[in-house]
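Structure, as structure tokens:
In what follows, residues are counted from 1 in the order of the sequence shown.
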Amino acid sequence: MNIQLPNIWNSGWVEVICGSMFSGKTEELIRRIKRAQIAKQKVQIFKPIIDNRYSQEHVTSHSSMRVDAQNINNIEEILTSLDDNTRIVGIDEAQFFSSAIVEVSQRLANRGLRVIIAGLDLDYRGVPFGPMPLLMATAEFVTKMSAICTVCGNTASRTQRRKLDNLENNENQVLVGADEFYEARCRRCYEPPV
């Protein structure tokens with residue numbers, strides 16, 4: 001009797017890194033990407049064109065870690081931008097993409113690729129952000145990161161949008177920025193918008 005075992009080396013999967021702002025999601029994405037590069041695996045990283053905070057050509061963490069990346073308008077562009085020898089696909093700021101990211105990530109994993117996705121799990125209102133819940137549900141691995149509460153120093157899982165008098169569009173879900181607009185807060189110190 002000949003038993004055929006699955007070839008795990010050709011099997012793909014999806015990893016999701018999520019959490020609040022300032023929790024180290026992008027740092028963890030970059031760490032995983034750099035380890036793959038050390039192993040001489042072909043990597044391509046993508047980010048939404050809307051994320052222009054630090055650099056157009058890089059995925060950049062708040063602590064200035066960075067790795068080369070390609071800007072895309074929509075998630076489907078990954079399918080036409082992928083090199084034949086790419087083994088690992090990194091995607092940053094996944095919450096800004098449409099729900100099509102779920103299908104695209106599954107298609108890539110089904111082709112045998114490792115897909116590493118980072119994004120905010122909750123928006124500033126404390127509700128699930130964009131496609132992140134579906135990505136987390138369909139991924140093989142989910143890593144939830146936490147930050148430090150800027151008020152009390154406890155573990156932070158929420159993103160507080162700062163109240164600024166001159167802030168236009170204060171109620172829009174998407175407001176790209178960093179510490180000029182946002183703080184990490186714990187459950188107790190978080191103040192949901194009214």
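- Residues Ile30 and Glu27 have side chains not in contact (no heavy-atom distance under 4.5 Å, counting atoms from C-beta outward).
- Glu140 places a side-chain N or O within donor-acceptor distance of the main-chain N or O of Val14, the cut-off being under 3.5 Å.
- Under a 3.5 Å cut-off, the side chain of Thr150 and the backbone N or O of Ala184 do form a donor-acceptor pair.
- The shortest heavy-atom contact between Arg158 and Leu122 is CD-CD1, 4.0 Å.
- In this structure the side chain of Lys34 reaches within 4.5 angstrom of the side chain of Gln37, judged on heavy atoms.
- For the pair Ile116 and Ile17, the minimum side-chain heavy-atom distance is below 4.5 Å.
- With contacts defined as side-chain heavy-atom distances shorter than 4.5 Å, the pair Leu120/Cys18 does not qualify.
- Across Ile75 and Ser98, no two heavy atoms sit closer than the pair CG2-OG, 4.3 Å.
- In terms of the salt bridge (Lys or Arg N to Asp or Glu O under 4.0 Å) criterion, residue partners of Arg32 (sequence neighbours excluded) are, by chain and number, Glu15, Glu28.
- Going from atom CD1 of Ile45 over to atom CD1 of Ile33 covers 4.5 Å, rounded to the nearest 0.5 Å.
- Summarising the geometry, atom CD belonging to Glu77 is positioned 5.5 Å from atom CD1 belonging to Ile72; distances are rounded to the nearest 0.5 Å.
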(request) For Arg111 and Leu82, run side chain to side chain contact (heavy atoms under 4.5 Å, CB included): C-alpha distance rounded to whole Å, both residues' side-chain angles, the deciding distance at 0.1 Å, then the answer. (result) CA-CA 12 Å; Arg111 285 171 42 185; Leu82 219 52; 3.7 Å; yes
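- Contact record, Pro193 with Arg125: CG-CG, 3.7 Å, taken as the closest heavy-atom pair.
- In this structure, the side chains of Val151 and Cys186 stay at 4.5 Å or more apart for every pair of heavy atoms.
- With sequence neighbours excluded, the residues that form a salt bridge (Lys or Arg N to Asp or Glu O under 4.0 Å) with Asp83 are Lys42.
- Between the CZ atom of Arg107 and the CG atom of Leu79 there is a distance of 5.0 Å, given to the nearest 0.5 Å.
- Here the straight-line distance linking atom OG of Ser20 with atom NZ of Lys144 works out to 8.0 Å at 0.5 Å rounding.
- Closest non-hydrogen pair, Ala36 versus Ile88, comes out as CB-CD1, 3.2 Å.
- Taking CG from Leu108 and CD1 from Ile101, the interatomic distance works out to 10.0 Å, rounded to the nearest 0.5 Å.
- Follow the hydrophobic side-chain contacts under 4.5 Å out from Phe46 and you reach Leu135 in the same cluster.
- The minimum heavy-atom distance between Ser105 and Val115, with the atom names listed, is O-CG2, 3.9 Å.
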(request) In sequence, state the C-alpha distance, the side-chain angles, and the governing distance for Met132 and Val16, and then conclude on side chain to side chain contact (heavy atoms under 4.5 Å, CB included). (result) CA-CA 9 Å; Met132 292 304 291; Val16 173; 3.9 Å; yes
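- Both Met136 and Leu134 are part of a single hydrophobic cluster, where members link through side-chain heavy atoms under 4.5 Å apart.
- Checked by atom type and distance alone, the side chain of Arg185 never pairs as donor or acceptor with a backbone atom of Cys152 at under 3.5 Å.
- Of all heavy-atom pairs spanning Val102 and Pro131, the tightest one is CG2-O, 4.4 Å.
- Phe97 places a side-chain heavy atom less than 4.5 Å from the side chain of Ile91.
- Between Ser81 atom OG and Gln44 atom CD the span is 7.5 Å, to the nearest 0.5 Å.
- Under the 4.5 Å side-chain contact rule for hydrophobic residues, Tyr124 and Tyr190 do not share a cluster.
- Two residues are said to be in side-chain contact when any heavy atoms from C-beta on lie closer than 4.5 Å; Arg114 and Trp13 meet this criterion.
- Residues Gln95 and Glu93 meet the side-chain proximity criterion, which asks for heavy atoms closer than 4.5 Å.
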